[in-house]
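First comes the structure, then the notes that go with it.
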Number of protein chains: 2
Amino acid sequence: MSAPIKFASTVTDPKLVEERRTQILGAAIKLFSDKGYYRTTILDIAKTAGISSGLIYQYFSEKEDVLCFALLHVVDTYEREIPTRIAGAKDPVDRLCQSVEAYCTIVDNLRDATLLAYRSTKSLSPAGRKHVMAGEQRSNQIILGCINECIDGGYFREVNSDLLVYQFVMYCHTWALKYWAFRDKYTLKQYVDEGLKLLVEPYLTPRKGRGAFRKRQEPL
Amino acid sequence: MSAPIKFASTVTDPKLVEERRTQILGAAIKLFSDKGYYRTTILDIAKTAGISSGLIYQYFSEKEDVLCFALLHVVDTYEREIPTRIAGAKDPVDRLCQSVEAYCTIVDNLRDATLLAYRSTKSLSPAGRKHVMAGEQRSNQIILGCINECIDGGYFREVNSDLLVYQFVMYCHTWALKYWAFRDKYTLKQYVDEGLKLLVEPYLTPRKGRGAFRKRQEPL
DNA sequence: TAACTGAATGAACGATCATTCAGTTATTGA
DNA sequence: TCAATAACTGAATGATCGTTCATTCAGTTA
């Protein structure tokens, strides 16, 4: 796990700090996603969150910190939720499939925020950007682990797993990036299923791989 | 082709207009990519282009027009160059492979500008955004055509071509989006070759498809 | 040589915020 | 009950640009 970044606050009660920051976060993600970072004013955020502009500066030391907090929230959610959701699966193929499903589901929940990450990571200071990218890398590692398990276990044929990770990750992100094109054609479930057909099936070994893939379709 | 957008200019000589706009475009892409749209001032652009700030307003009516011009330049380049580069190939599989190679090569040439498109399309007015997205859609259609030719000609098995297009396009864009991760591991050529292995090979029909794919490796 | 044209300049204007801080309200604990 | 402390407010400040425009200047025509 990374060194969790400290954002300075003048408020002492940690409970209150978390509550207010969550409140500000919600407003900020909504507005940044909608109007973009630079077009969103601190006053906008304050009004949407139902507080005064000055109060934001009790919980964040500058506007950029609010953006950084929002983007870290996104990558931290990926990193935290994917392992939780694949914990049940023991079979490597099942784990891989479930990690894709989990990732897509999280992206779907954080669709606006995921887009925001693509648009606004460059607006961060180098230090903040480094943290966000490091978080993204850590969730990539989870997927990479699943792929390598499939290869090592003989479920996948030899394949460039380094590159395949990015295919998986981009497929999940693309649900947010191209949502305007997909929303009318696919449900999230359909999108995930198609993704497995495109990204998992082709690499399965004929017997062991396909066998495991079939088995997970009709469980119990 | 789309209705080419007119950007207002007070300067009468069309030759000069094109020359100056190209000059401004170069500075703008460099600076927007580097510092982001909002952090780049008109004065920055003027200085980098070697002209005065006021002169920019003789060639564009507002700052946003400069951004719009830059993003349209990117999508227009895709749309113009891909067909040119695949004109030689007659075999559908070859056409598809060459379109990927062409797209990746153009992305590589316009790497900064491609990133800029991801980051800044939302900063455009709805009208401008619509034009940029329409341009992007038109180059997608080119790839879609190649895939469908492969399917119809019996080179590809039945596959969700709608979705596969986005896989191809995203693969090409990812060269720009994740360049920081790829630059040390792959040359552009290697990246393209790996892409064909991941995105073309799995869908080839055993005889006709694979045959055509093999043939293009050792031509004459 | 004078009159004209339109390209180019850059100082000045005005609007927009991020940030601060003097003052107000709420909470705590003795 | 009443300090004392913490949380909160929102008007004021000051810096930053996008945009304008009066002016200069090079080149062209009369």
Side-chain angles (χ1 to χ4, degrees), chain A residues 7-32 34-71 120 122-125 128, chain B residues 7-32 34-71 120 122-125 128:
Chain A
F7 292 94
S9 173
T10 64
V11 175
T12 53
D13 178 13
K15 210 77 194 169
L16 183 58
V17 171
E18 187 181 333
E19 186 189 314
R20 286 280 191 234
R21 281 185 174 165
T22 303
Q23 188 180 1
I24 294 166
L25 178 70
I29 287 181
K30 184 172 160 52
L31 291 165
F32 290 162
D34 216 43
K35 318 167 51 165
Y37 174 66
Y38 285 100
R39 273 207 253 272
T40 300
T41 69
I42 289 290
L43 197 62
D44 286 335
I45 298 173
K47 275 185 181 156
T48 302
I51 58 177
S52 68
S53 60
L55 191 59
I56 291 176
Y57 287 87
Q58 313 269 28
Y59 295 96
F60 294 100
S61 56
E62 50 178 332
K63 189 186 175 189
E64 199 195 292
D65 275 3
V66 179
L67 176 63
C68 193
F69 190 75
L71 300 187
S120 301
K122 268 271 181 66
S123 301
L124 253 34
S125 69
Chain B
F7 293 94
S9 174
T10 64
V11 176
T12 52
D13 178 11
K15 209 78 193 165
L16 183 58
V17 171
E18 186 181 334
E19 186 188 315
R20 286 278 189 238
R21 281 184 175 166
T22 303
Q23 189 180 1
I24 293 166
L25 178 71
I29 287 181
K30 184 172 158 53
L31 290 164
F32 289 162
D34 215 43
K35 317 167 50 166
Y37 174 66
Y38 284 100
R39 273 206 251 272
T40 300
T41 69
I42 291 289
L43 196 62
D44 285 335
I45 299 173
K47 275 186 182 155
T48 302
I51 58 177
S52 68
S53 61
L55 191 60
I56 291 177
Y57 287 88
Q58 313 268 26
Y59 295 96
F60 295 99
S61 56
E62 48 179 333
K63 187 186 175 189
E64 199 195 293
D65 275 3
V66 180
L67 177 63
C68 193
F69 191 76
L71 299 187
S120 301
K122 268 273 180 65
S123 301
L124 253 36
S125 68

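A note on names: the letters A, B, ... follow the listed sequences, proteins ahead of strands, and every chain is numbered from 1. As the structure is a prediction and not an experimental result, all values here were calculated from the model.
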Residue A:Ser53, side-chain heavy atoms: nucleotide from D:dG18, D:dA11, C:dA18 that is nearest: D:dA11

- request: Counting heavy atoms from C-beta on, name the nucleotide in D:dG10, C:dT19, D:dT19 closest to the side chain of A:Ile42.
  value: C:dT19

message: Using 0.5 Å steps for rounding, measure from the CG atom of A:Asp44 to the NZ atom of A:Lys35.
response: 3.5 Å

query: Of all the nucleotides listed (D:dT9, D:dC8, D:dC17), which has the minimum atom distance to the side chain of A:Ile51?
result: D:dT9

field: Side chain of A:Tyr59 - closest among C:dA7, C:dT9, D:dA7
entry: D:dA7

field: Contact under 4.0 Å: A:Arg20 side-chain N or O vs D:dC8 OP1/OP2
entry: yes

message: Do A:Asp65 and A:Ser61 pair up side chain to side chain, a donor and an acceptor below 3.5 Å, judged on atom types alone?
response: yes

- line: Rounded to the nearest 0.5 Å, the OG1 atom of A:Thr22 sits from the CZ atom of A:Phe69 at a distance of 6.0 Å

Extract from the structure each pairing of a protein N or O with an N or O of nucleotides 21-28 of chain C at less than 3.5 Å, listing the distance.
none

field: Atom-pair distance (NZ on A:Lys35; C1' on C:dC17), nearest Å
entry: 12 Å

- prompt: Given atom CD1 of A:Ile56 and atom P of C:dA18, what is their separation to the nearest angstrom?
  reply: 10 Å

- request: Specify the separation, in whole Å, of atom OH of A:Tyr38 and atom P of D:dC17.
  value: 10 Å

Base-pairing mate for D:dG27 - Watson-Crick or G-U, with both contacts under 3.5 Å: C:dC4

- prompt: For B:Lys47 and C:dG10, what is the distance between atoms NZ and C1' respectively, to the nearest whole Å?
  reply: 11 Å

query: Starting at CD of B:Glu19 and ending at C1' of C:dA8, how long is that distance when rounded to a whole Å?
result: 14 Å

NZ/A:Lys122: more than 12 non-hydrogen atoms of other groups inside 6.0 Å: yes

message: Using whole Å, what does the distance between atom P of nucleotide D:dC17 and atom CG of B:Leu67 come to?
response: 17 Å

query: Under 4.5 Å between any side-chain heavy atoms of B:Tyr59 and B:Leu16, yes or no?
result: yes

query: Are A:Thr10 and D:dA7 close enough that a side-chain N or O sits under 4.0 Å from OP1 or OP2?
result: no

- request: Assign A:Thr40 to base, sugar-phosphate, or nothing according to its heavy-atom contacts below 4.0 angstrom with the strands shown.
  value: sugar-phosphate

field: Nearest-0.5 Å distance that lies between atom OH in B:Tyr37 and atom OG in B:Ser123
entry: 7.0 Å

query: What integer distance in Å separates A:Lys63:NZ from C:dC17:P?
result: 8 Å

- request: Round to the nearest Å and state the distance from B:Leu43 atom CG to C:dA11 atom C1'.
  value: 12 Å

- line: Rounding to 0.5 Å, atoms CG (B:Leu25) and CD (B:Gln23) come to a distance of 11.0 Å

message: What's B:Ser61 touching, base or sugar-phosphate or nothing? Going by heavy atoms closer than 4.0 Å.
response: nothing

